[in-house]
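What follows is a single structure, written as structure tokens, with notes after it.
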Amino acid sequence: SLRLCRDMHTQPSWLAPGLYEPFPADQMPETIKLMHAKVALLGFGLSAAGGPDYYRLIVSTGNWNKEAVNHTINLVWFCDYPVTSTEDQRQNAADILEAVNFWRQLLGVDNNKTGYYQLDDPARERIGHFLEALTANIPAPKNTEPRFISNLLDGKAAPADGGFQADSMGAQVIQRFSDTGTRRNLIVCGSGFFEQAAPGSKAGEPEVIRNLSGNLVKNKVLTKDAYRWLVINPGTCGAAGRWIKNTDTDSLNWEICLPRHPDSKTAPYPFHAKYVFIGNNNDSSLTSGLLYLGSGNLSRQGFALSPGAGGNIEAGVIIDTERYDDISEFCADLGIDADKNLDLNDIPKETEGEDSEQPESELQAPPPIASCVWIPKTRKLTWKWTDTSWNEVQLNDQLIPPGLVELTIPDPAADLSGGVKL
């Protein structure tokens, strides 16, 4: 059983067997820029009829597509919770339960609350049952802060802080980093995309990275003279590229780093990861590392704005990192080229920004039939209409007139491979 919550600009995949796609609710296009989070909550069991006994939470910087897996540099974090384990699983429990709150907010599955997606009754019931079983299987730990974060918060708002709206990913990262009480002398920011450079705009330091480092200095998390590394994808660095090309190298307060896939020294893998790292660089080692990775680009839309105020729905995780005694190993883990310096000629005259990450497309209209239920015993396919104004709707290659709510499939082995055709 698989549900995919995609952005409303993305072409649907209605022909994928076993896949249910809740459609974005009507209000989402008006209040949310993009559904941009890349997070999966999975349950595994011995049979489809039984409940899960193993859970996994995945947070990625890459989309759920072939390009992210095979052709771009991304980071992925996950944690597991086997129900029968006797080990200390409090931290993983806190992370997974926080992700449950994210899905409850996203889908509005509690008491038929309005969520960001439309769900028909069977899907709402099944998702609700999965989340209820999860919370019953995983006891809530006390005094354990979850590493998982999102900007869909339920009464736990991170305060606005120096250019970052309350609840934004940036506000939460600043708050979490500041709570550690340890001052560091290195910050590394990486982003596959930055905001688009506005025509005629000044070539200044992008405000998100400027405000991020400024707030961390103000909160005594970062030293004033800290090393600052900025990892960019030369062709898609937007406003950051204009700033770099039009600023004297000696005046840049960031060391600009090129990306490199750790398994290849030559292949031009585009950098798509998004992260913020702080730590102490002691020449021979790198200690006290703290890393945010997630879906939000280091742009206003992805990092500084809240959902409902022109921002995206985003998700991420904040984790401690191990000590590094070799900086090259650190660079390999974060997709940084430790050997090659940036050549300004690598940055095109006009760099693409965040707008290019999402191809221009119109909002996708919701389907007239959200989902179907197949009952093998009666060989009947049943459904509910969400919009009867559509013409020439087909189910399993048969024309369905508006108002019809069931169809008998004569072949008991029918796999509905014809899908829904509009």
Side-chain angles (χ1 to χ4, degrees), residues 1-32 34-35 40-43 47-51 64-65 103-133 313 359 361-422:
S1 177
L2 182 64
R3 280 86 170 104
L4 175 64
C5 298
R6 58 184 175 82
D7 182 66
M8 75 290 288
H9 297 87
T10 308
Q11 289 284 351
S13 304
W14 293 331
L15 298 184
L19 176 64
Y20 174 73
E21 297 189 63
F23 197 83
D26 293 338
Q27 71 270 23
M28 185 186 282
E30 300 176 3
T31 60
I32 305 288
L34 293 172
M35 166 53 185
L41 183 59
L42 310 175
S47 69
W64 306 119
N65 59 23
W103 286 107
R104 291 190 189 280
Q105 294 292 314
L106 189 71
L107 301 175
V109 296
D110 293 334
N111 301 319
N112 292 321
K113 291 181 181 178
T114 301
Y116 294 96
Y117 285 83
Q118 300 174 12
L119 294 172
D120 61 15
D121 293 339
R124 180 182 297 277
E125 181 179 345
R126 189 148 188 180
I127 295 173
H129 179 72
F130 170 70
L131 297 178
E132 289 172 6
I313 295 175
S361 61
E362 297 180 358
L363 297 178
Q364 300 296 314
I369 297 173
S371 67
C372 309
V373 177
W374 162 248
I375 304 175
K377 186 175 181 179
T378 62
R379 301 181 185 178
K380 285 187 177 181
L381 189 68
T382 61
W383 62 87
K384 289 183 179 181
W385 289 82
T386 58
D387 184 353
T388 58
S389 65
W390 288 65
N391 296 319
E392 299 185 0
V393 175
Q394 294 183 42
L395 283 175
N396 207 45
D397 296 323
Q398 296 191 44
L399 185 65
I400 306 299
L404 190 68
V405 295
E406 68 177 35
L407 180 68
T408 299
I409 307 293
D411 181 5
D415 63 358
L416 307 181
S417 59
V420 179
K421 296 182 180 179
L422 311 176

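Residue Arg126 places its CZ atom among 12 or fewer non-hydrogen atoms of other residues, nucleotides or ligands, all under 6.0 Å distant.
Take Glu406 and apply the side chain to side chain donor-acceptor pair (under 3.5 Å) test, not counting sequence neighbours, and it matches Lys380. Annotation: side chain to side chain contact (heavy atoms under 4.5 Å, CB included) contacts of Leu2 (sequence neighbours excluded): Leu19. Partners of Arg104 by salt bridge (charged side-chain N to carboxylate O under 4.0 Å, His left out), not counting sequence neighbours, listed by chain and number: Asp110.
Counting all heavy atoms, side chain and backbone alike, Trp103 lies closest to Cys5 at CZ3-SG, 3.8 Å. Closest non-hydrogen pair, Arg6 versus Tyr117, comes out as O-OH, 2.9 Å. Scanning all heavy atoms of the two residues, the minimum distance from Arg124 to Leu107 falls at NH1-O, 4.1 Å. Scanning all heavy atoms of the two residues, the minimum distance from Tyr20 to Ala123 falls at CE2-CB, 3.3 Å. Taking both residues in full, the closest heavy atoms of Leu4 and Pro22 are given as O-CD, 3.5 Å, listed atom of the first, atom of the second, then distance. Residue Ile400 comes nearest to Trp385 through the heavy atom pair CG2-CZ2, 3.6 Å, listed as atom of the first residue, atom of the second, then distance.
Put simply, the residue from Ile313, Leu34, Ile32 that forms a side chain to side chain contact (heavy atoms under 4.5 Å, CB included) with Asp7 is Leu34.
Contact of the Glu125 side chain with the Phe130 side chain is not registered, since no non-hydrogen atoms from C-beta on lie closer than 4.5 Å.
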